[in-house]
Protein chains: 2
Amino acid sequence: MANKKKTTIKDIANVLNISAAAVSKALHNNPRISDKTKKAVLQVAENLNYQPNHLASALRSGKSKLVGVIVPKTNSNFFSATIHNIEEVLNEEGYNVIITQSNESYKKECANINTLLFTQVDGIIASMANETTDLSHFQKIKDAGIPLITFDRGENDLNVDYIGIDDYESSHKIVNHLVAQDCKRIAHIGGFKRTRIYNNRIKGYIDALKKHNLPLDNELLIESSLTTEDGREKMQKLLNLKQRPDAVYVAGDYAALGALQVLKEQNIKIPEEIALVGFGDEPFSKMVTPPITSVNQHSYKIGRMAAKTFLDYIEKDTFKQSLKKQILEAKLIVRESSNKKNDLE
Amino acid sequence: MANKKKTTIKDIANVLNISAAAVSKALHNNPRISDKTKKAVLQVAENLNYQPNHLASALRSGKSKLVGVIVPKTNSNFFSATIHNIEEVLNEEGYNVIITQSNESYKKECANINTLLFTQVDGIIASMANETTDLSHFQKIKDAGIPLITFDRGENDLNVDYIGIDDYESSHKIVNHLVAQDCKRIAHIGGFKRTRIYNNRIKGYIDALKKHNLPLDNELLIESSLTTEDGREKMQKLLNLKQRPDAVYVAGDYAALGALQVLKEQNIKIPEEIALVGFGDEPFSKMVTPPITSVNQHSYKIGRMAAKTFLDYIEKDTFKQSLKKQILEAKLIVRESSNKKNDLE
DNA sequence: TTTAATTGGTTAAACGTTTAACCAATATTT
DNA sequence: AAATATTGGTTAAACGTTTAACCAATTAAA
């Protein structure tokens, strides 16, 4: 009910007997408008419950003040926290954030990009789906002339900004920790090799073993989709080996949870018989029994840095993007599942 | 790089020596345009890589083809799955979905609504924050003349559509189940009473006890924020009672997880000494040890119904909204944490 | 053969802003 | 007192579509 028609800048102008342009300027605090007029405009705007038409201003100014975010899934603590931090920074600068999820599907990711470009966002902050190998849909973002910032799951070939943790180094930290716990046969349930971050974790795992003069046993290196279900399966596979590992480093917490299940079902002592380490520090990791050692990915910093990087481009509006990596050191959080020696932390 | 300027409808018109209006109509498959012209337009559009300017069309037509979604948090399985299903239905009809999260904060929820209205969405599908009691910000949506559909966390006072499960009945199912397991002192760690769904669960709990002639012990009815941490605290509180409960029904899975922790830490046998039931059927609930009995909230159906309800309003564009409730029966999923008698399901 | 209907468009206005270009009135400088 | 600068605006065009109203040419009906 009420007055159906929305109040526009013109309505305000009519009330005050000034031009619409003056109203627009007043609302934008343009110095060429007197304080008296500004006050009056603000007052009338308030009275008439004026809501600026975002569409019109975006159309005219070419800026939508909208930023698109693409994540593989929102029900992961890392992604949802990162989004939250992106929002915090961007809202402050008057930007609004549109979230879309790809559900790890290449097709949905393409659709997401279309949606966002269609909505005329001023930029896109994205983390890629597991399935994605072809990158042409991301190329469309660059072609549109708006900044593209990638985080966590990125690809060098895109030649855009990337923010993430040092996955290679994280694997080293994990292996170092496990070796310090006297583990000698360390297995790795990794993600898909085609995804850069998982490949880096694998490489880090291999090199770290080398560094410690441990042999690389191909039976102990397994590729996984990293779902809980697949974690169970791959753990079972490891248990079926003639020579079982004495430690398992799983590249994702959900899969680590599955692995934990299997170990417990078979009454294998954790960490004494097999030590377990996850990745991502999901909230449940510290809640299960035993709590799972994991790696915190700094969603706080990553979100803020991604947002700031976007703002930088807007500010100096030079869209000459290049492969600029901002790499953070991740933090290993040691918990019972791998803490044989009861190290204090 | 490339041609900076985007191709518009006019560019296509120029190439074909027809009017922009004709192009617009051709693209919308208007019957007044010949098939030959349509084909030509489509071809040229393709060649010039034409992307329609959504802003302009939305401004002119008054429809943005955007639907806003507000959820308390995205890192809950229920909400993220619901969003996914909303998207599925709406995308098919040419609508795009903008997701925002309130983080259970009243202030952020207000900001979310402003963002969405500002973005000129054609409708909003929302689930309220825990903190929210005042509803004036939702009134703004109604005032804007666009449909508002609420789900899971709604309020009767808003007088709009609501889709959710039958919380009252769900409590009955849970209590029935626990009584069937010979539990006599059933506690309830509930959500905030001010939130309708939690209040309904509490009411259901109380009435179900009555039905089974069990006394209502106020010590056994506790209000909680339902975070994992608070679940721990409230469980501890129950354990400190002179007379402990023999079953605990927690109104959320995250809090149930916390409760489970405490029980296990104190070596209390589950379900023999204390049976445990959660709510929401988060994925981890079936993964922990022992798996937690929980209630599935039909995110699939709820998401689809919410989307369809929105579409209904659009179709018959009569915005005479009223309190129309669509209530689904929830499903109790019995797992080890409460299955004393090893019922088969 | 005249009239009416259909086909395939065109023209121009509109959606609500923003912004470059302009201008009159007043204030300041020389 | 004349020249210049500042203040506080106004006008009009533009952003890229959509759409109501119009029209010429062709086809069909009477």
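These numbers come from a predicted model, not from an experiment. Convention: sequence-line order gives letters A, B, ...; per-chain numbering from 1.
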Counterpart residues, salt bridge (Lys or Arg N to Asp or Glu O under 4.0 Å), relative to [X] (two or more places apart):
| X | value |
| --- | --- |
| A:R60 | none |
| A:E93 | none |
| A:R153 | A:E104 |
| B:E87 | A:K108 |

Check your understanding: Got B:I113 and B:I141 here, is their nearest side-chain heavy-atom distance under 4.5 Å?
Key ->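 Yes, close enough: below the 4.5 Å cut-off.
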Name the atoms and distances for all side-chain donor-acceptor pairs under 3.5 Å in residues 10-22 of chain A, with sequence neighbours left out.
{"from": "A:D11", "atom 1": "OD2", "to": "A:T8", "atom 2": "N", "distance (Å)": "2.8"}
{"from": "A:S19", "atom 1": "OG", "to": "A:A22", "atom 2": "N", "distance (Å)": "3.1"}

Point to revise | Residues that B:K140 engages under side chain to side chain donor-acceptor pair (under 3.5 Å), provided they are two or more places apart | key: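 Once residues adjacent in sequence are excluded, the partners of B:K140 under the side chain to side chain donor-acceptor pair (under 3.5 Å) criterion are B:N114.
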Check your understanding: Which residues satisfy the side chain to side chain donor-acceptor pair (under 3.5 Å) test with B:K38, sequence neighbours excluded?
Key ->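 Side chain to side chain donor-acceptor pair (under 3.5 Å) check on B:K38 returns B:N29.
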Practice item. Five pairs at each end of the helix from C:dT1-D:dA30 to C:dT30-D:dA1: take the axis at both ends and give me the angle between them to 10°. Key: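 Here the local axes at opposite ends form an angle of 40°.
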Check your understanding: Angle class for the A:F310/A:Y95 ring planes (parallel below 30°, perpendicular above 60°, tilted otherwise)?
Key ->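 If you compare the ring of A:F310 with that of A:Y95, the planes turn out perpendicular.
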Practice item. Can you run down the side chain to side chain donor-acceptor pair (under 3.5 Å) pairs that involve residues 39-50 of chain B, sequence neighbours left out, and say none if there aren't any? Key: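 Passing the test, one end in residues 39-50 of chain B: B:Q43-B:N47.
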Check your understanding: Can you give the first and last nucleotides of DNA chain D, 5' to 3', that have an atom under 4.0 Å from a heavy atom of chain A?
Key ->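 The contacted stretch runs from D:dT7 to D:dG16.
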Practice item. Would you please indicate yes or no on a ring centroid separation below 6.0 angstrom for A:Y106 and A:H137? Key: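 Yes: the rings meet the under 6.0 Å criterion.
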Review point. Of the residues in residues 27-44 of chain B, which ones touch DNA chain D at a heavy-atom distance under 4.0 Å?
Key: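 Close to the strand are B:H28.
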Review point. For DNA chain C, which residues in residues 8-24 of chain A have a heavy atom at a distance below 4.0 Å?
Key: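 The answer is A:T8, A:I9, A:A21, A:S24.
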Check your understanding: More 5' along DNA chain D: A:L59 or B:A58, using each one's nearest nucleotide?
Key ->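 The residue whose closest nucleotide sits nearer the 5' end is A:L59.
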Point to revise | With A:L90, the side chain to side chain contact (heavy atoms under 4.5 Å, CB included) member among A:N96, A:V69, A:D122, A:L311 | key: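 Among the candidates, only A:L311 passes.
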